[in-house]
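To keep things clear, I will list the structure first and then write my remarks on it.
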Amino acid sequence: MPHPSGIAQKLDFSSGEEEDGVTDEHVRDFPCSEEAADHLMWRTHESPFPVTPQRDERGLSPCQEASPDSDCSPPAKLYAEGECPGTPLPYSTWKKLRLRDSPYTPKSLLYRNFPSPGTRVPCRGQRLLKFAAGMGADLEGPALVNINPFTPETYQQMQLNSNGKRKAGQPSTDPPLKYKEREISAGFSSKRFVLHETNMVPRYKTEFLEIEKIGAGEFGAVYKCVKRLDGCVYAIKHSKKPLAGSTDEQLALREVYAHAVLGLHPHVVRYYSAWTEDDHMIIQNEYCNGGSLQDLITENMKSGQLVVEQELKEILLQVSMGLKYIHSSGLVHMDIKPSNIFICRKLTEAGQEDSDGEDEISSASVLYKIGDLGHVTSVTNPQVEEGDSRFLANEILQEAMFFQDYSQLPKADLFALGLTITVAAGTSPLPCNEDNWHYIRKGNLPEIPQPLSSAFLDLLKTLIHPDPAARPSAAALVKNPVLRRSVGKAAQLLKQLNVEKFKIAMLERELKAAKEAQNSGDECMALPSKADLLGKNKKKLVGGKNARSVSFTCGGYSKMI
Ligand SMILES: Nc1ncnc2c1ncn2[C@@H]1O[C@H](COP(=O)(O)OP(=O)(O)OP(=O)(O)O)[C@@H](O)[C@H]1O
Ligand SMILES: [Mg+2]
């Protein structure tokens, strides 16, 4: 049986090498043994490794702040056995790292390979960039690149401006933009070549240590892995089927495109990188240490527990924040359901991070995040791949909608979210079709086996309203007082806490001054010439008969001391 130290060694800076006969197969088996589990607690929720770093309140990781186009791998947090896993690596050690096979995000590759100023952006037929990393592709050939259909127009325009020398405001008459438009309207049809060309040297086994399988779905399997270089845990998603020509290819690309655009929100699972190996797509995402909401529901069912109303509201609020972000980017998720909502239990102390406004709840100890972006589509040019029928809004099946009014498309996510919360509240499994399915689509909530406040029930009902226009938008939902109540209470308590802290600080200052005055008074007793003066000071410092008025307005608080 491999020894834990063997595994620690595996995690050393040995990217690209199989060490000492400890194969990945051994390592994969290791956590399954009881002994190993006792030693290392290599389980989903008990990893000794630092989980994927959380963003700061602006949604940025330290590495993103440094370089937005880097691989997004966080700064190394490597540690020897027994050391604190969170200890940052000294800079000197960090500098010595051999950054071999340095991975590139699609975005960084795009920047690297974008034509230099003056070069014309390639026309149709030359559109795909050969990604070079580790595969010896012909980089001298025409620049080939996938066009992300989810990138905002302004962003595309910006790139053209910087690369094609067109100034802002100038009419978009040059071929590159037309080419882009054609590409985007072509949707996901002709991307096989780029997938083929991006098949790299096996990066998964080289760069990651697989710990365990954490999920599987329609698309493929998801593994919990430690990145050998940075020692952090990631969720790595492998497509099940070979990509070329299959619908999975489209889904995989959609997911990557969407992740690349929706990179920075505390309530959307974070994306780090994607690549292909053996014609299979691999996506490296933030690891959510609490599993999915579906996992929580399943556990609750087993133990006869229910998610209480307060928590249901929190889930609804946080997921609405994520949806608001997605929708404001002109995108729709199209597959909201419990197994696509992920749970991150914060490792930092609650309240450590500053928070303001609607994201105040982000200082909560549990974060709910939207993941699985495989069905994401754009509002303006929807290519709808229906999600799970149990959570599907009726209007998605009405084709007429897609030829008339796309503006209500985001409301399908709100419908699915309403049913997701209903399921989290303990309702029995939702129907896939037939009478019960239609009954719910008429605006009837399935039976919920716990008493919920009428305000909350009404809100859930409006979410599944048959008319999408009658459902609240995600932006409206995050402001809904039914959901904001708990946030309001937290804010109120925070203000009170600040007031009390302020009072303590004042008293401490006063005490210090009193002590100083007392000491200097004792000393000066021997100096009669100064006694009078000191007596005055002392009186002033300790208050004495001087009524001192302290007034402050922190949190609306004002008091005379
Ligand atoms: N980032 C992550 N952190 C933790 N667990 C994850 C993560 N991503 C996926 N999982 C687990 O893997 C499961 C499947 O992941 P995902 O939904 O992304 O794949 P899928 O194949 O598209 O699934 P489906 O077809 O069921 O929607 C999730 O339900 C969850 O249990
Ligand atoms: Mg899923």
What verdict does the side-chain contact (heavy atoms from CB on, under 4.5 Å) test give for Phe391 and Leu430, after you've listed the backbone C-alpha separation in whole Å, the side-chain angles of each residue and the deciding distance to 0.1 Å? CA-CA 8 Å; Phe391 298 85; Leu430 295 175; 3.6 Å; yes
How long is the straight-line distance from [atom2] of [Y] back to [atom1] of [X], given to the nearest 0.5 Å?
X: Leu262; Y: His267; atom1: CG; atom2: NE2; result: 14.5 Å
X: Leu414; Y: Ser320; atom1: CG; atom2: OG; result: 7.0 Å
X: Ile370; Y: Asp372; atom1: CD1; atom2: CG; result: 11.5 Å
X: Leu367; Y: Ile315; atom1: CG; atom2: CD1; result: 12.0 Å
X: Glu395; Y: Arg471; atom1: CD; atom2: CZ; result: 4.0 Å
X: His280; Y: Lys241; atom1: NE2; atom2: NZ; result: 10.5 Å

Side-chain heavy atoms of [X] within contact of [Y], under 4.5 Å:
X: Leu409; Y: Thr377; result: yes
X: Ile464; Y: Thr422; result: no
X: Leu463; Y: Ile421; result: no
X: Leu460; Y: Ile448; result: yes
X: Ser273; Y: Arg203; result: yes
X: Leu419; Y: Arg390; result: no
X: Asn433; Y: Ser389; result: no
X: Leu483; Y: Phe456; result: yes

For the student: nearest non-hydrogen atoms of [X] and [Y], plus distance:
X: Ile336; Y: Ala416; result: O-CB, 3.4 Å
X: Asp335; Y: Gly387; result: OD1-CA, 3.5 Å
X: Met334; Y: Ile396; result: CE-CD1, 3.7 Å
X: Ile283; Y: Ala252; result: CD1-O, 4.5 Å
X: Ser407; Y: Val379; result: CA-CG1, 4.4 Å
X: Tyr325; Y: Val268; result: CD2-CG2, 3.9 Å

Okay, side chain of [X], backbone of [Y]: is any donor-acceptor separation there less than 3.5 Å?
X: Asp413; Y: His333; result: yes
X: Asn285; Y: Ala235; result: no
X: Glu218; Y: Asp388; result: no
X: Ser329; Y: Leu331; result: no
X: Ser378; Y: Gly330; result: no
X: Ser292; Y: Asp295; result: yes
X: His259; Y: Gly371; result: no
X: Glu309; Y: Ser453; result: yes
X: Arg441; Y: Leu392; result: yes

With side-chain contact (heavy atoms from CB on, under 4.5 Å) as the test, would you mind laying out the steps for Asn394 and Trp437 before giving the verdict? CA-CA 9 Å; Asn394 194 35; Trp437 190 93; 3.6 Å; yes
Taking only residues two or more places apart in sequence, or in another chain, which ones meet His238 in a ring-ring contact (aromatic ring centres under 6.0 Å, His included)? Tyr204, Tyr223
Checking side chain to side chain contact (heavy atoms under 4.5 Å, CB included) against Gln284, which of Lys227, Lys237, Glu207 comes through? Lys227
Of Leu316, Ile341, Asn340, which is the lone residue that meets side chain to side chain contact (heavy atoms under 4.5 Å, CB included) with Thr420? Ile341
Passes side-chain contact (heavy atoms from CB on, under 4.5 Å), Glu386 versus Leu397? Steps please. CA-CA 9 Å; Glu386 288 159 25; Leu397 300 176; 3.7 Å; yes
Identify whether the distance between the nearest side-chain nitrogen and carboxylate oxygen of Glu286 and Lys369 falls below 4.0 Å. yes
Should the pair Phe208 and Trp275 be assigned to parallel (<30°), tilted (30 to 60°) or perpendicular (>60°) ring geometry? parallel
Determine whether Lys461 and Leu445 satisfy the following criterion, side-chain contact (heavy atoms from CB on, under 4.5 Å), listing intermediate values before the conclusion. CA-CA 6 Å; Lys461 263 193 165 176; Leu445 270 182; 3.9 Å; yes
